[in-house]
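Data block below; observations after.
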Amino acid sequence: MILRLIVLSCLFALPARAQVLSAQDMQAYVPPPFALGEALNDKGLYRVVNSGGAPAGYAFTTQPYAPLPGFAGAPVNALVVLDRDGTFVTVRVVHHNEPIFISGMGEGPFREFFEQYAGKSIWSPMSIGTPYGGADAGSSLVHLDGISKATASVRIAHESIMAAAHAVAREHMQGRVAAPAARPDPEYDAPLHWADLVEQGLARHLRVTNAEIDAAFKGTRWAYSDPAAQADPDGLYLDLWLVDVTPPALARAALDQGTIDQMRRFQGVAPTDEFLLLIDAGRHGLVSDSFVRNTAPDLIKAEQGGFPIALRDADFLVDLAPGVPEGTALILRTDRRLGFNPAEPFTLIIEAVREHGFITPEIGRVELALEHQTDERFFLREKIITPLPPWLEALYNRQVDLALLALGLAALVWALGARMNRFAAWRHFTPARLLILAVMTGFVGFWGQGQLSIVTPLGVLRTTLEGGSYLFLLYDPFSLMVWAAAGLGFVLWGRGLFCGWLCPFGALQEFAHHLGRALRLPQIEPSAQWDKRLKSLKYIALGGLVGLVAFAPQHVDTAAEIEPFKTAITVFFLREWYFVAYAAFWLLAGMVLFKGFCRYLCPLGAVMALGGLVRGRDWIARRAECGSPCQLCRVKCSYGAIEKSGKIAYSECFQCLDCVAIHDDATRCVPLVLAARRAGRAEPVGTVPKPVSPPQEAPV
């Protein structure tokens, strides 16, 4: 016994393999038309979506949820896909160390065993083994064909699959998270005897006579299949006692010291196991002749809160304390990590089995239930922590980043608003602008992951069409604050605040432009006609994406890759080569074509341009001479946002402030230069110089 515990200790200490699969590996196991959706936790649980992108179920591996040691000590890890009703879509073995299949029978039979789960419900009671005759009309039990010579391995695999599936169901299919399980209080002690356990309801009793079991089978084909019961109607078919012997005080009242020592040694290996003592003095005997030690009992089940409890034989030699009723004694164990809470009510179910026929007998079953709950005083409960709503948790997790972002955005809005003319005229304006863009790239982009994307507006549109919740917007408060700043920019300046100052990828393109100029690369400058044509492409791209949302939403994520933002900013070029090549193309193109992607193809830029229609003023000052005859600002505008007439096309303005700086510069603004020249000429006494036209601004 000691040697076995030492071996088990070593096996438990081995590092687990293949606990959590990557999303790419998981997708390989998910059968079409289903696809893998977003990750739901850090235990490898993913949402499964159908061909239309709607939630269809869950995919997970069993080892993170039910690390039950297999026959060789390592858990059997299987991938499970469930639909939203709890029906198995597929179950596939991912990794195992079961010797019988590695070096004996081969993998084939084991894989075929897993294929049986498809189409069966996690809510149905299941058993390993084929009923004789193919009929089992007396029971709702679902049978899975076992594998000869590998009964222990397939039972362990079955326990792992069901325990993991029920753990997922507790948290996601019923909309609740299981409360922390109670654990024995090692410091609580009380001098108890068997009589005290009975009196206080700590030992529960179930008696079923032969006459009562006959009555349970009355009217079925198994009504007369038990001659022993008919010969002794008053005899006991089941005389069952049930005690949770994990608390030390209860163990001393029910078990002798040798059995307690076995249990304590085992708890050193498996401290989260709960031990249930069963004693039967009737004819039932608790297990069948085919029962395999150290596996799940074939005639005993348990349920708590509507979910099955994974039970397994502890494989102890059980000796009882003085005064305890004699009978067949069995200690079963279950792992509290799998959802069992010993201080909550649970039901022990004993199956009464009868056979009808000789050559291929048919099996009938009746379930006998015993309710039990151990008193709270024997346990410690962890404080139930109510998790914060995801959006509020996101706020707390990023409060420092949000505070810094808020300060930075406020300073930028102030500089571009109240101090815009002075800021643009500052002799260090260009280095300051590049520094701000570098901060946007590093802090907002790479660090804060605040690169806005067309995916968000499309998600809002899809939610509107499908009538869903907009709560997903709150899950990324950092990006939401950038969106809020962009929205404020719509009113004050149009698209320019985001596209010119807040977009990390736009900043990268501007850096590429400066690098190209430093390398003296020839610049591509499309004609005014071609510039206008190319600028319409971003609206065509936006229209195509909107059409996909309405008619083919399953392709939206793929089409949204027209943006290179995810590749360049979100994952920092750590993607497949073709995504990297696409993003690199636009950055390299930016060295010779000024911000080509932003100006011509960006669907998010099209959204920003449309949002800028709510702009409340023409904020760039103009003079009567602007456009006629002066064309300096138009020639200097790299974005092509100034028409020949001198009018500003705010839908294409990126708020670079170059024209603002020229407008106030007496050495560059042509009307101001001419006025200065006129003022410098000798004027006759008493004459007044002709004034330059004042700036013309539309009222706010």
Side-chain angles (χ1 to χ4, degrees), residues 437 440-441 445 451-458 486 489-490 493-517 521-548 556 558-569 578-613 634-644 647-656 658-659:
L437 294 181
M440 289 299 160
T441 304
Q451 170 71 66
L452 304 190
S453 168
I454 191 61
V455 172
T456 303
L458 295 178
F490 291 162
W493 300 289
R495 73 178 286 188
L497 179 62
F498 175 76
C499 293
W501 295 90
L502 302 182
C503 179
F505 188 78
L508 288 181
Q509 286 199 96
E510 192 152 336
F511 292 139
H513 164 72
H514 283 280
L515 179 61
R517 295 294 294 270
L521 298 178
Q523 299 295 303
I524 299 174
E525 296 180 0
S527 66
Q529 186 175 11
W530 271 105
D531 183 65
K532 184 176 181 179
R533 291 172 179 171
L534 292 172
K535 284 175 178 175
S536 65
L537 291 178
K538 59 180 175 288
Y539 298 101
I540 295 174
L542 176 62
L545 290 170
V546 171
L548 287 178
V556 169
T558 301
E561 293 290 351
I562 191 175
E563 293 180 332
F565 305 161
K566 181 191 296 184
T567 301
I569 303 297
Y578 40 88
F579 289 117
V580 174
Y582 177 70
F585 165 79
W586 282 113
L587 291 178
L588 293 174
M591 298 174 69
V592 296
L593 177 63
F594 182 68
K595 299 187 81 165
F597 179 80
C598 299
R599 293 163 61 193
Y600 300 135
L601 194 59
C602 180
L604 182 63
V607 171
M608 296 295 173
L610 295 175
L613 295 177
R634 184 183 71 84
V635 171
K636 293 293 186 180
C637 182
S638 300
Y639 298 95
I642 302 178
E643 300 174 1
K644 285 187 176 181
K647 181 181 178 182
I648 305 296
Y650 285 97
S651 62
E652 300 299 332
C653 176
F654 281 59
Q655 202 173 354
C656 66
D658 285 349
C659 62

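Values below: all heavy atoms of this structure, side chains included; hydrogens, waters and symmetry mates excluded.
Of all heavy-atom pairs between G445 and P504, the closest is CA-CG, 3.7 Å. Nearest heavy atom pair, residue Y639 against residue D531, reads O-OD2, 4.5 Å. For I642 against R634, the heavy-atom pair with the smallest separation is O-CG, 3.1 Å. What you find for C598 and Q509 is that their closest heavy atoms are SG-NE2, 2.7 Å. The two atoms that bring S651 and Y539 nearest to each other are CB-OH, 4.4 Å, heavy atoms only. When all heavy atoms of L497 and Q655 are compared, the closest pair comes out as N-OE1, 3.0 Å.
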### Query
So H513 and Q523, side-chain contact (heavy atoms from CB on, under 4.5 Å) or not? Walk me through it.
CA-CA 9 Å; H513 164 72; Q523 299 295 303; 3.9 Å; yes

### Message
Quick one, L587 with F511, criterion side-chain contact (heavy atoms from CB on, under 4.5 Å). Give me CA distance, side-chain angles, the key distance, then yes/no.
### Response
CA-CA 9 Å; L587 291 178; F511 292 139; over 6 Å; no

### Check against side-chain contact (heavy atoms from CB on, under 4.5 Å), L452 and M608
CA-CA 11 Å; L452 304 190; M608 296 295 173; 4.1 Å; yes

### Query
Given K636 and D658, is the side-chain contact (heavy atoms from CB on, under 4.5 Å) satisfied, shown in steps?
CA-CA 8 Å; K636 293 293 186 180; D658 285 349; 5.7 Å; no

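Between the OH atom in Y578 and the OH atom in Y582 there is a gap of 14.5 Å [rounded to 0.5 Å]. Distance CG/L508 to OG1/T441: 4.5 Å, rounded to 0.5 Å. To the nearest 0.5 angstrom, R495 atom CZ is 9.5 Å from L610 atom CG. One distance of note links SG of C653 with CD1 of I648; it measures 6.5 Å at 0.5 Å rounding. Expressed to the nearest 0.5 Å, how far CG of L542 lies from CD1 of I454 amounts to 5.0 Å. Between atom CD1 of residue I524 and atom CZ of residue F594 there is a gap of 14.0 Å, rounded to the nearest 0.5 Å.
For R517, the CZ atom sits in a loose shell: 12 or fewer heavy atoms of surrounding residues, nucleotides or ligands are nearer than 6.0 Å. At most 12 non-hydrogen atoms from other residues, nucleotides or ligands lie less than 6.0 angstrom from CD of E525.
Comment: R599 does not engage E652 in a salt bridge, judged by the lack of any side-chain N to carboxylate O separation of less than 4.0 angstrom.
Taking the ring centroids of F498 and F490, they lie at or beyond the 6.0 Å cut-off.
C503 is not listed as a side-chain neighbour of F654, based on a closest heavy-atom distance of 4.5 Å or more. Within the 4.5 Å cutoff, side-chain heavy atoms of P526 are placed close to those of Y600.
Judged purely by atom type and a 3.5 angstrom limit, K532 has no side-chain atom pairing as donor or acceptor with the backbone of Q529.
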